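Working notes, structure below.
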Number of protein chains: 2
Amino acid sequence: MHKMNSKNKTFIDKLRSSGLRPTNQRVEISKFLFNRKKTFHFTVEELKNSMNLKRSKKISTATFYNTVHALKSAGHLKEFSLENNTSYYDTNIKSHHHFFDNGKVIDIKSDKITFHKLPDAPKGKKIKNVEVVIRLENNN
Amino acid sequence: MHKMNSKNKTFIDKLRSSGLRPTNQRVEISKFLFNRKKTFHFTVEELKNSMNLKRSKKISTATFYNTVHALKSAGHLKEFSLENNTSYYDTNIKSHHHFFDNGKVIDIKSDKITFHKLPDAPKGKKIKNVEVVIRLENNN
DNA sequence: ACATACTTTAGAATAATTATAAAGTAGTTA
DNA sequence: TAACTACTTTATAATTATTCTAAAGTATGT
Ligand SMILES: [Mn+2]
Ligand SMILES: [Mn+2]
Ligand SMILES: [Zn+2]
Ligand SMILES: [Zn+2]
């Protein structure tokens, strides 16, 4: 007997543990999000467009927002922000770092960045996490 | 004869170098933003509300947005994002780090954080800047 | 099958931001 | 200073991302 961590949960388990019945729409969304090798970074609009492109019967905007929101609340997605007014989501829920390259987001594993010096938290506070963004530009 | 860097520009100079005539409204906004000791982090709504609170003749929303946008484009303000769909601005335009503490933003001087290990930029790219966010929570 | 609870959806509502266009103000010229 | 012109401010409309609402659809238990 061994308990399952979020990483090993199937996309159906992730729905269940988010309090969502695995309906057709939700299963397709969850599969699209989690059944892949690499981390996926997306906005709800992007998700909706790429999934609905190939379908005759479209999944509604509200279902995309509701499902993503529930998955996020249950800790299966992480929300982050770029420099515009849109929410991005990350299937990698561990604290980790990113390259930002003209709107493209790439994960950097936590062990690729280590610190020589870090400030103390202000009095009465403690550090929850430390995340780095490395912004890229083209050579020359 | 010595050239002025952005830091030493008066709030009027910052308007001029943003291509904005120093009208009454703009001068008041620029003074409010830049005539202070410490870095100021704000949203346009917050700026508008705090400035208009004490005025009988309100400055319009459009003027706030236009002025902030021009100052940002000229490099006198830096835009950043928290985890919601609102733009924040920073009067500290140098690349630097932040504490995020439940919506409150605090500058960390660049020399307070140094790295032991950093990844190389992907091929064809170079690093523009490296910025750290330290998220805080309350003790216990 | 019936009742009930949960789900999906279209469309309305909201919030942040940007665009439009009319009225106001300033700078320049005669 | 009067007239001319260009720039500015503002109210309001439009847009975008997101959330809400309520009606119609679907699943589950008896
Ligand atoms: Mn926007
Ligand atoms: Mn929002
Ligand atoms: Zn990531
Ligand atoms: Zn700052």
Side-chain angles (χ1 to χ4, degrees), chain A residues 11-12 14-33 41-52 55-74 77-90 103 105, chain B residues 11-12 14-33 41-52 55-74 77-90 103 105:
Chain A
F11 52 90
I12 305 255
K14 289 187 191 197
L15 290 173
R16 288 226 167 79
S17 65
S18 305
L20 298 178
R21 275 193 203 157
T23 61
N24 286 339
Q25 290 93 327
R26 289 167 176 173
V27 168
E28 292 203 44
I29 292 170
S30 193
K31 186 174 173 188
F32 187 91
L33 291 178
H41 301 97
F42 64 96
T43 68
V44 175
E45 274 300 304
E46 288 167 0
L47 173 66
K48 186 186 82 168
N49 292 336
S50 53
M51 285 194 65
N52 275 343
R55 322 178 95 248
S56 44
K57 176 137 191 7
K58 314 296 187 195
I59 298 173
S60 72
T61 304
T63 294
F64 282 106
Y65 274 101
N66 291 340
T67 305
V68 166
H69 183 258
L71 289 168
K72 184 216 155 186
S73 291
L77 290 172
K78 207 156 104 74
E79 190 176 3
F80 68 99
S81 257
L82 301 186
E83 257 117 86
N84 58 19
N85 48 4
T86 314
S87 283
Y88 282 75
Y89 296 89
D90 192 332
V105 181
Chain B
F11 53 89
I12 306 254
K14 289 186 192 200
L15 290 173
R16 289 226 166 78
S17 65
S18 306
L20 299 178
R21 274 193 204 157
T23 61
N24 286 340
Q25 291 93 326
R26 289 166 175 172
V27 167
E28 292 202 44
I29 292 170
S30 193
K31 186 174 174 188
F32 188 91
L33 292 178
H41 301 99
F42 64 96
T43 67
V44 174
E45 273 301 302
E46 288 167 1
L47 174 65
K48 186 187 81 169
N49 292 337
S50 53
M51 286 195 64
N52 274 345
R55 322 177 94 249
S56 44
K57 179 138 189 8
K58 315 295 187 197
I59 298 172
S60 74
T61 304
T63 295
F64 282 106
Y65 274 101
N66 290 341
T67 305
V68 166
H69 184 257
L71 289 167
K72 184 216 155 187
S73 291
L77 290 172
K78 207 155 103 76
E79 190 177 3
F80 67 100
S81 255
L82 301 186
E83 257 114 85
N84 59 19
N85 48 2
T86 314
S87 284
Y88 282 75
Y89 296 90
D90 192 331
V105 181

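Every chain is numbered from 1 and lettered A, B, ... according to where its sequence line falls, protein lines coming before strand lines. Reckoned from all heavy atoms, side chains included, excluding hydrogens, waters and symmetry mates. Since this is a predicted model, take the numbers as computed values, not measurements.
Counting heavy atoms of neighbouring residues, nucleotides and ligands inside a 6.0 Å radius, atom NZ of B:Lys78 exceeds 12 of them.
Although no hydrogens or angles enter the test, the distance criterion places no donor-acceptor pair under 3.5 Å between the side chain of A:Ser30 and the main chain of A:Ile12. Although no hydrogens or angles enter the test, the distance criterion places no donor-acceptor pair under 3.5 Å between the side chain of B:Lys48 and the main chain of B:Thr61.
Applying the salt bridge (charged side-chain N to carboxylate O under 4.0 Å, His left out) definition to pairs two or more places apart or across chains, those involving residues 62-73 of chain A are A:Lys72-A:Glu79.
Summarising the geometry, the separation between NE2 on B:His69 and P on D:dT8 is reported as 15 Å, rounded to the nearest angstrom. One interatomic measurement links the two molecules: CG of A:Leu15 to P of C:dC6, which rounds to 17 Å at whole-angstrom precision. Between the C1' atom of C:dT8 and the CD1 atom of A:Ile59 lies a distance of 10 Å, rounded to the nearest Å. Computed from coordinates, the A:Phe64 CZ to C:dT7 C1' distance equals 15 Å when rounded to whole Å. Taking atom CG of B:Asn52 as the reference point, atom C1' of D:dT9 lies 13 Å away to the nearest angstrom. Atom pair B:Leu82:CG and C:dA16:P shows a separation of 13 Å (rounding to whole Å applied). Rounded to whole Å, the distance from CG on B:Leu20 to C1' on C:dT25 is 16 Å. D:dT18 atom C1' lies 9 Å from atom CD of A:Glu45, rounded to whole Å.
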Report summary line: Each nucleotide of nucleotides 20-30 of chain D classed B (base within 4.0 Å of a protein heavy atom), S (only sugar-phosphate) or -, in 5' to 3' order, makes B----------
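No side-chain heavy atom of A:Ile29 sits less than 4.5 Å from a side-chain heavy atom of A:Phe11. Contact check for B:Leu33 versus B:Tyr89: no side-chain heavy atoms found under the 4.5 Å cut-off.
Proximity of A:Ser60 to the phosphate of C:dA10: no side-chain N or O atom is located under 4.0 Å from OP1 or OP2. One finds no side-chain N or O of A:Tyr65 lying less than 4.0 angstrom from the OP1 or OP2 phosphate oxygen of D:dT19. Look at A:Gln25 and you'll find a side-chain N or O under 4.0 angstrom from OP1 or OP2 of C:dT9.
The side chain to side chain contact (heavy atoms under 4.5 Å, CB included) search around A:His41 returns A:Thr39, A:Phe80, A:Asp90, A:His96, A:His98, A:Val105, A:Asp107, not counting sequence neighbours.
Along DNA chain C, the nucleotide nearest to A:Thr67 and the one nearest to B:Val44 differ in position, and the one closer to the 5' end is contacted by A:Thr67.
Among the heavy atoms of the strands lying under 4.0 Å from B:Lys57 are primed sugar atoms or P, OP1, OP2 only; no base atom is included. Counting any heavy atom pair closer than 4.0 Å across all strands shown, A:Thr63 reaches a base atom. Across all strands shown, A:Ser87 has heavy atoms under 4.0 Å from sugar-phosphate atoms exclusively, and none from any base.
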